[in-house]
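Below: one structure, written as C-alpha cells.
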Amino acid sequence: MTEPKTPADTATPAYDFATAEPLWQERWERSGVFNVPDVPPADRPKYYVLEMFPYPSGQLHMGHVRNYTLGDVVARYKRAQGFSVLHPMGWDAFGLPAENAARERGVHPGKWTMDNIAAMRTTLRQLGFSFNWDREIATCEPDYYGKQQKLFLDMLAAGLVERRESWVNWDPVDNTVLANEQVVDGRGWRSGALIEQKQLSQWFLKITKFAPQLLDGLSHLPRWPERVRTMQERWIGRSEGARVRFGLHEPPAGFDVDLDSVEVFTTRPDTLFGMSFLAIAADHPLAAKVAKKNAKAAEFIAECHRLGTSEEAIETAEKRGFDTGLRVSHPFMPDRSFPVWIANFVLMDYGTGAVFGCPCGDQRDLDFANKYRLPFIPVILPPDADPQTFTVTDRATDGQGTLFNSAFLDGLDIATAKKEAIARLEGLGVGRGVVNWRLRDWGISRQRYWGCPIPIIHCDSCGAVPVPDDQLPVVLPEDVTFDRPGNPLEHHPTWKHVACPKCQKPATRETDTCDTFVDSSWYFARFTAPHAPQPTVVAAADGWLPVDQYIGGIEHAILHLLYARFFTRAMHETGHLNVDEPFAGLFTQGMVNHESYRDADGNWLYPDEVERTATGATRRDTGAPVTVGRVEKMSKSKRNTVAPVTIIERFGADTARWFVLSDSPPERDMEWTESGVAGAARFLQRLFRVVRTVAAGVPADAPCPAQVAKAADTLRRATHRTIAAVTEALEGFSPNVAVARLHELTSALADAEKHADEDGVAFARREAATTLALLCAPMVPHQAEAMMALLDPAGRPVVERAWPKAEADLLAASEVTIAVQIMGKLRGTVAVAPDMPKDDVIARAEAEPNVARLLEGARIVKRIYVPGRIVNFVVAK
RNA sequence: GCGAGCUUGGCGGAAUGGUAGACGCACGAGACUUAAAAUCUUGCGCCCGCAACAGGGCGUGCGGGUUCGAGUCCCGCAGCUCGCACCA
C-alpha cells in the first residue's frame with residue numbers, strides 16, 4: 001500500500017499534534033471551561049454563538065468542519081474578549097434516512113441514529129470545538145420531543161394550530177405521503193408510481209397569522225445577508241389589491257351549481273374594463289361542480305392534476321383551458337357577461353383560486369386569449385401612444401400608462417385608477433381592497449414513524465382531544481416493523497389504542513408525526529435550559545436569546561429560518577419566552593469543493609486513489625491516466641470527498657481548521673486541495689519551531705529597556721499592528737485575512753533571530769511569541785496551548801487568558817513610505833518619520849531624484865499631501 | 001421573466017478613494033544532502049529597455065463619467081453564479 005507522502009509523516013515534526021490534541025481536549029473538558037450557567041451571569045456581557053446542528057448521517061463532512069470551525073473561531077474569540085459565551089451542539093435526529101436504513105438494512109431507526117451520533121460526536125470532539133457539551137440534545141429523545149409536544153398543545157390552545165383538509169402528494173404503491181422533492185417527474189422517487197393528489201386531514205401551524213410581523217421583522221435584522229432577507233420577503237409575498245365578486249349567471253340546463261358568485265383576487269382592479277374572461281383553478285370548488293356533470297371538464301381537471309407535480313411540466317406547459325359554458329356579469333357593466341374557463345395556469349393556492357383575465361395588461365392572459373380567440377379591448381395607453389390606433393397583439397402592456405376605454409377611469413394614471421376602482425367596488429358592495437399574502441400555513445403532518453408524535457387522541461364522541469400534560473411525552477413505540485409500506489405507527493398492534501382523556505371511551509392516537517422542520521424551529525431556545533422540565537426556562541431563554549451569531553448553509557435561507565422566526569413569536573405568545581427574533585446575526589458560509597476524477601472507463605475515483613502530476617493525474621496504484629474533472633461540491637456520488645477523520649489522523653485537527661479558514665473568504669465556496677492542506681501543516685510546524693526557539697533561547701524575564709535597537713522596535717510595532725489587524729479581521733468575519741497577518745508576524749519573529757543580542761530584542765521576541773500564541777488560539781487552539789505551555793510553563797492556559805490589546809503608540813510604523821505621484825502616476829517613494837511636517841515631506845518628495853528629473857521645467861500648480869500615504873504634484877503643461 | 005451576487009497574476013485571494021496584486025498555492029533558481037524529503041535563501045502581472053544600476057509603457061470583464069488620484073464612487077453594457085418563477 002502506498003501511503004501519500006506528507007510533511008507530517010516524512011519528517012520528525014517539531015510539534016506532535018497527535019499527542020497534544022487529545023491532551024488539551026481532555027484538559028478543557030475536565031476544567032469545564034466552556035460551560036456556562038442557564039441564566040447568563042450579570043457581571044459580563046453574553047454572547048450566543050450557534051452553528052446549525054447537523055443531521056446525524058453517520059459521517060462528519062468537510063462542510064461541517066468549515067461551519068463549526070467558523071463558529072468556534074467566533075466563540076473562542078468572544079470568550080477571550082470577556083464575553084460569557086454560550087456555544088452548544090446537538091443533533092437534528094429525526095428524519096427519513098433513518099427509516100430508509102430500517103427498510104433497507106433492518107436496523108432500528110433509533111439505533112441507527114444513535115450510532116451515527118456517537119461516531120460524529122467523536123469526530124467533533126477530535127476537532128477541539130469549544131462546545132458546552134453538557135447541553136447536548138438530540139431531537140429524537142423523548143425529553144426533547146416531549147417538550148415539543150407541550151409547545152404544540154399550548155399553540156393549539158392559543159389558536160395557532162388548526163386541523164384541516166389539504167392536498168398531498170400520494171404514492172399509491174408505498175401508501176404514503178411524499179414531500180414535493182420526493183416527487184420526480186410526477187412519480188414517486190422510491191416506487192416509481194404515478195403520484196396522485198389526494199385530500200387528507202392535516203395539522204397546520206398558522207404561520208400566516210404572523211405574516212405582517214415576519215415581514216416587518218426583516219427590516220430589523222441588519223446583520224442578516226441582504227439576499228436572505230430578500231428571499232424571505234418574496235416568500236412571504238405581500239401584495240395589495242382587491243377582491244372582486246363576479247355574479248354568476250343562471251347556468252345552462254344540466255348544471256348543478258348552487259353558487260351565485262365567484263370571487264377573484266387582483267392587483268390590477270384598474271384594468272377591470274379590459275376584462276375578457278374569468279379563469280378558475282382546476283381545484284376550484286366551482287370546477288368540481290362543473291366536472292360532476294361534464295365528463296370533458298373532469299378529464300381536463302384530471303390532466304391538470306397529473307401535470308401539477310412536475311416542475312419541468314409547469315415550466316414548459318402551455319396555457320390551456322376549458323370553457324365551462326358558465327358566464328359571469330361585470331361589476332361595472334351589468335349588461336355585459338364573460339365566459340368562465342378552467343385554466344391550468346391559475347393556482348388554487350394563491351389568492352382566491354380565480355382570476356379575471358385582462359389580456360392587454362397581462363402576458364399570460366394575452367397568450368390565453370389569443371389561443372382561444374377571446375375578444376378583448378386595451379385599457380392601458382402607454383405614454384406617447386395614440387388612443388385611436390393603439391392595439392395590443394402579442395405583447396401585453398407593462399409599465400406606465402393612463403387608462404382609456406374605461407368609463408369613469410379614463411385619463412387616470414394606474415395608481416389613481418386602482419384607488420378609484422376599489423372605491424367604486426366597495427360602494428357597490430361587490431369588492432374590497434385587500435392585502436394578499438403568498439405565505440401559506442405550515443402543514444406539519446407526516447405519515448412517518450421517525451418523528452415527533454403529534455399529541456392528539458381522536459375520539460368518536462369528543463373529536464380531536466389534546467393529550468393531557470401529565471400524559472406527556474407521547475413516546476414512540478420501540479417495537480415497530482418496516483416490512484410493509486405505510487406508517488409503522490398505523491400498523492402497530494397496541495400503540496394507537498387508548499382511552500379518550502375526556503370520556504374514557506376507546507379512542508385512537510394521532511399516528512402522524514411532525515415535519516422535522518418543527519424540531520429545528522426551537523432547539524436554539526432549548527439549548528438555553530436543555531434539562532428543564534418545561535420546554536424553556538424564561539429567564540434562561542430571555543437571558544441568552546437572541547443568538548448573536550448564527551452560522552450555517554444558504555440552503556436554509558427560507559424554510560428553516562422562517563419557521564424558526566415564526567416559532568419564536570408563537571412561543572412568545574404562549575409564554576415560553578419574551579423575544580421575537582431568534583437570530584440577531586446570520587452568516588451563511590460557502591461550500592467546500594474538490595476536483596473530481598474519472599478513470600478511462602468513466603468511473604469516479606477518490607482523491608486518495610489519484611496522484612497529481614505536473615501535466616495531469618494518474619492512478620496511484622496502476623499509473624493509468626486519470627481525467628481531472630470540474631471542481632465541484634464534495635459529494636459521495638462523484639467521490640470527490642475528503643473525510644475529516646482522515647485529515648485529522650494525518651495532519652491533526654488544527655491543520656484542518658487552519659486550512660478551511662485560510663485563503664477563501666468564508667461566505668464563498670472554497671476548494672479543498674491536497675497541496676493547500678500540506679501548506680497549512682507546513683506553516684503550523686514552522687510557527688511552532690519559531691516559537692519554540694524563543695521559548696528555549698530567550699529568557700522569560702527579559703526586560704524592555706527604554707532605548708531599544710531598531711530590530712526590537714520594528715518587531716514590537718509588527719506585533720502590535722498584528723494584534724489590531726487580526727482583531728479587525730475576526731470582527732469582520734475575515735479569518736482568511738487574520739491568517740495572512742499571522743503569517744507575516746511569524747516571519748517577522750523569525751527574522752528577529754538575527755538580531756538576538758541587540759537591545760530589547762529579547763523582550764520583543766518574547767512579546768511576539770506570546771502574542772502569536774494568543775492570536776492564533778481561536779483558529780488552532782491546541783497548538784496555541786502547546787506554544788503557551790512552552791513560553792510560560794507555570795502560567796495559565798490560553799483559554800483562560802484575555803485577548804491581547806494593541807498599544808496605541810506602537811501601532812504606527814516608526815518610518816512610513818510615502819508614494820510620490822505626478823498627476824496621479826507613481827514616480828518614486830520617500831521614507832519619512834510619520835510625524836514629519838507637511839512642508840518637509842513635500843520638500844523631500846520634490847527632491848527625490850526621479851521625481852526631480854520629471855518635474856524639471858514643469859510648473860507645479862498644486863501639491864497634495866495625504867499624511868502617511870502619498871504626495872501628488874499637479875503640474876501645468 | 002423577476003431578484004441578488006460575482007468578474008483582480010497560472011490558481012485561491014488582499015486592498016478606510018491614496019504605492020494594485022498582501023498572504024498562500026503552484027512554478028523557477030540557489031544553499032544544505034551521496035541522493036531525496038524536510039528546511040533555509042531568492043525570483044515570480046504583461047511588455048519595452050539596460051552589461052549592470054536605472055528607467056518607461058500597459059494592466060483589476062468592456063465602454064463612458066466624477067476626481068489631483070478609481071479595483072473601490074456614478075451611468076451604460078457583457079459574461080458567469082445562485083435564488084425565485086404561470087403569485088393574477
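Numbered from 1 within each chain, the chains take letters A, B, ... in sequence-line order. Nothing here was measured: the structure is a model prediction, and the numbers come from that model.
In the displayed structure, Arg227(A) atom CZ is contacted under 6.0 Å by at most 12 heavy atoms of other residues, nucleotides or ligands.
A centroid separation of less than 6.0 Å is found between the aromatic rings of Phe277(A) and Phe368(A).
Here the separation of rA26(B) from rU7(B), taken at their C1' atoms, is 22 Å to the nearest Å. The separation of rU8(B) from rG56(B), taken at their C1' atoms, amounts to 23 Å, rounded to a whole angstrom. Separation of the P atoms belonging to rG30(B) and rU19(B) is 36 Å when rounded to the nearest angstrom. The gap from the C1' atom of rA29(B) to that of rA54(B) amounts to 24 Å, rounded to the nearest Å. Comparing the P positions of rA22(B) and rG79(B) gives a spacing of 32 Å, expressed to the nearest Å. Here, rC32(B) and rC23(B) have their P atoms 27 Å apart, quoted to the whole Å. Comparing the C1' positions of rU41(B) and rA78(B) gives a spacing of 46 Å, expressed to the nearest Å. For the C1' atoms, the distance from rA52(B) to rG59(B) is 27 Å, rounded to whole Å.
Electrostatic pairing of Glu846(A) and Arg863(A) counts as a salt bridge here, judged by a charged N lying under 4.0 Å from a carboxylate O. A salt bridge is absent between Arg827(A) and Glu848(A); no separation between the charged side-chain nitrogens and carboxylate oxygens falls under 4.0 Å.
The aromatic rings of His594(A) and Tyr597(A) sit perpendicular to each other, their planes meeting at more than 60°, with 30° as the lower class boundary. The aromatic rings of Phe683(A) and Trp658(A) lie parallel to each other, their planes meeting at an angle below 30°, with 60° marking the opposite boundary. The aromatic rings of Tyr350(A) and Phe265(A) sit perpendicular, their planes meeting at an angle over 60°, well past the 30° parallel limit.
We find that CZ of Phe651(A) is positioned 14 Å from C1' of rA38(B), with the value rounded to whole Å. Rounded to an integer number of Å, the gap from CH2 of Trp235(A) to C1' of rG3(B) is 15 Å. As rounded to whole Å, 14 Å separates atom C1' of rC87(B) from atom CE of Met348(A). Between the CD atom of Glu848(A) and the C1' atom of rG55(B) there is a distance of 12 Å, given to the nearest Å.
The glycosidic torsion of rG45(B) lies more than 90° away from 0, which places this base in the anti conformation.
Both Ser675(A) and Asp362(A) lie near RNA chain B, and the one whose nearest nucleotide falls closer to the 5' end is Ser675(A). Checking Ala680(A) against Ile554(A), the closest nucleotide of RNA chain B that is more toward the 5' end is the one next to Ala680(A).
Counting only heavy atoms from C-beta on, Thr267(A) has its side chain closest to rA88(B) among rA88(B), rC84(B), rC68(B). Ranking rC40(B), rC58(B), rA88(B) by closeness to the Lys825(A) side chain, first place goes to rC58(B). For Lys319(A), the side-chain atoms get nearest to rC86(B) when compared with the rest of rA88(B), rC86(B), rA26(B). Of the candidate nucleotides rA88(B), rC84(B), rA22(B), rC84(B) has the atom nearest to the side chain of Arg438(A). Residue Asn344(A) places its side chain closer to rC86(B) than to any other of rC86(B), rA88(B), rC87(B).
Base pairing in RNA chain B gives the following stems of 3 or more Watson-Crick or G-U pairs, range against range and under 3.5 Å: B:1-7 with B:78-84, B:10-12 with B:23-25, B:27-31 with B:39-43, B:45-48 with B:55-58, B:61-65 with B:73-77.
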How would you summarise protein contacts on nucleotides 10-21 of chain B per nucleotide, using B for base, S for sugar-phosphate only and - for none, with heavy-atom distances below 4.0 Å? --BSS-B-BB--

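With 3.5 Å as the limit, one finds a donor-acceptor pair spanning the side chains of Asp441(A) and Thr208(A).
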